[in-house]
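Worksheet for the structure shown next.
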2 protein chains.
Amino acid sequence: MNLTRQAEDYLKVIYEIEQGGAPAATTSIAEELNIAAASVSGMLQRLARLGLVKVERYRGARLTAPGRAVALQLLRRHRIIESFLVTKLGYGWDDVHEEAERLEHAASSELIDRMADALGNPTEDPHGAPIPTAAGRVDERRLSSIADMKTGSRARVVRMSDRDPEFLRYLKKRGIVPGANVRVTAREPFEGPITLTVGRVRQAIGAAAAALVYVDDARA
Amino acid sequence: MNLTRQAEDYLKVIYEIEQGGAPAATTSIAEELNIAAASVSGMLQRLARLGLVKVERYRGARLTAPGRAVALQLLRRHRIIESFLVTKLGYGWDDVHEEAERLEHAASSELIDRMADALGNPTEDPHGAPIPTAAGRVDERRLSSIADMKTGSRARVVRMSDRDPEFLRYLKKRGIVPGANVRVTAREPFEGPITLTVGRVRQAIGAAAAALVYVDDARA
DNA sequence: ATAATAAGTTAGTACGTACTAACTTTAATT
DNA sequence: AATTAAAGTTAGTACGTACTAACTTATTAT
Ligand SMILES: [Mn+2]
Ligand SMILES: [Mn+2]
Ligand SMILES: [Mn+2]
Ligand SMILES: [Mn+2]
């Protein structure tokens, strides 16, 4: 099964969208890939023909077992590459996603395994995302975001979106990194700012940003 | 100028063929890339439209200055990647070419420069090929091969083709690696075997193999 | 239930890259 | 000079991937 870069990326975003529970809607995929919805319809048919997704017309796509395997291998490649770039080549955590987005399609399993070995087989990438094993196992537990936290609750940051370098720099400057402890001290309604304490510092972040920072189960 | 993987590879082989002096013939390119000659004709027209090659109909293609720049950057990426894989990730020298052939199209200049730094900015890859600088300078002196050596002459091995892993393992087992000193002790005519002494060991290799091992100017 | 909106699909087009088959040009032989 | 072989080109086809425009289906609001 020799897939193109595009096909692989489709499978990856379908996997990620599906983690939300529902099948991946055409428009969600289109948005994530910055592609017209019509193009997605076309690709979904091709992927279905290859047995990688199951499409229910007008309803969305789900990965088949083989499709899921491809997605997980790609995710593994992506995350090990990011880890390697940060740990071994001095990249900033805000600067690796795009590079990994391309390299993930060119790296052989052998290369990935060698990188993983050189890193001591890490289980998480620099943004806290779990790294699937070579066998395709991965921690898929659903995380809540800071946006889901109740006022007064505490939680530990475990992961964040790595799409936007600026966003990552913003978070880091505020101490919001994997492992940080946060407490929500106030929330404004209507998607208003969320005030939180990170370490000793108090600050407010927007609801949209808060939704992209994931925490382990928020304790009262 | 955003080029596809294919376009980049075409420019690279045109560069390499042109090193022989003459413009790159359609069939030579086709052979090198394992592609039908008709396909090459088509691609040459596209590359010409992009101003990367100059095509003389029925005569062959030559790189323009911009085309040459692209080829040299690709060569740099390829060779630094090979060096990095061997030096930093424990790859065998026989096993890096194919991996580099893909990664070269996905790696950013930033990544390449970081790898080069980590390696101490090497000037040659594991097979003795010179690495172009970021500015696009490279040692282009023409080398003769063992096949060109006169009986009785000595020379130092500086470089060899890295296309075939098996060939590289064959050479290594016989001590034919960059830096080795060889002396031609006998030659059979009609493309017959060439007997040479490497270190203290005496052995005969085929003329085809000898033509793929390059040496510095053969001394009487 | 109807109408309006959002979401999704199909049809038609384009581009890059490859192929084969048929033709043309160039080079080599007689 | 005429013939043949080798090299190269063009024409026509296919596939993957994208687009826009037009249409259809599903969802939401009235
Ligand atoms: Mn990433
Ligand atoms: Mn990607
Ligand atoms: Mn190589
Ligand atoms: Mn290549």
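What's counted below: heavy atoms across the whole structure, side chains too, no hydrogens, waters or symmetry copies.
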What residues form a side-chain contact (heavy atoms from CB on, under 4.5 Å) with [X], not counting sequence neighbours?
X	value
A:Arg114	A:Glu110, B:Leu89, B:Tyr91
A:Glu56	A:Arg59
A:Arg141	A:Asp139, A:Leu143

When you measure from every atom of DNA chain D, which of residues 13-25 of chain B have a heavy atom less than 4.0 Å away?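 Correct list: B:Ala25.
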If the cut-off is 4.0 Å, is B:Ser39 near the phosphate of C:dA18, judged by side-chain N/O to OP1 or OP2? no
Measuring to OP1 and OP2 of D:dT9, would you say a side-chain N or O of B:Thr26 lies under 4.0 angstrom away?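 Indeed, a polar side-chain atom of B:Thr26 lies that close.
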In this structure, how many angstroms lie between the [atom2] atom of [N] and the [atom1] atom of [X], rounded?
X	N	atom1	atom2	result
A:Asn34	D:dT17	CG	P	17 Å
B:His105	C:dG16	NE2	C1'	15 Å
A:Ile29	D:dT17	CD1	P	14 Å
B:Met43	C:dA18	CE	P	5 Å
A:Glu32	C:dA7	CD	C1'	17 Å
A:Arg5	C:dT17	CZ	P	15 Å

Which nucleotide wins on minimum distance to the side chain of A:Ser41, given the candidates C:dT9, D:dT9, D:dC19?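 Selected nucleotide (nearest to the side chain): C:dT9.
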In terms of side-chain heavy atoms of B:Gln6, which of C:dA21, C:dA18, D:dT17 is nearest? C:dA18
Side chain proximity check, A:Met149 to A:Val182, heavy atoms < 4.5 angstrom: yes
Applying side chain to side chain donor-acceptor pair (under 3.5 Å), can you list everything that pairs with A:Asn121, at least two apart in sequence or on another chain? A:Asp117
Cut-off 3.5 Å, side chains only: do A:His78 and A:Asp125 have a donor facing an acceptor?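 No, no side-chain donor-acceptor pair sits under 3.5 Å.
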Please tell me whether A:His97 and A:His127 have a donor and an acceptor in their side chains that are separated by less than 3.5 angstrom.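 No.
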Mapping B:Gly60 and A:Ile35 to their closest nucleotides on DNA chain D, which lands nearer the 5' end?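 Counting from the 5' end, the first nearest nucleotide belongs to B:Gly60.
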Residues from residues 44-59 of chain B lying under 4.0 Å of DNA chain C - heavy atoms: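 Heavy-atom cutoff 4.0 Å gives B:Arg46, B:Arg49, B:Tyr58, B:Arg59.
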Side-chain ion pair, A:Arg76 and A:Asp113, N-O less than 4.0 Å: yes
Exactly one of B:Arg77, B:Glu32, B:Glu101 should register a side-chain contact (heavy atoms from CB on, under 4.5 Å) with B:Lys12. Which one does? B:Glu101
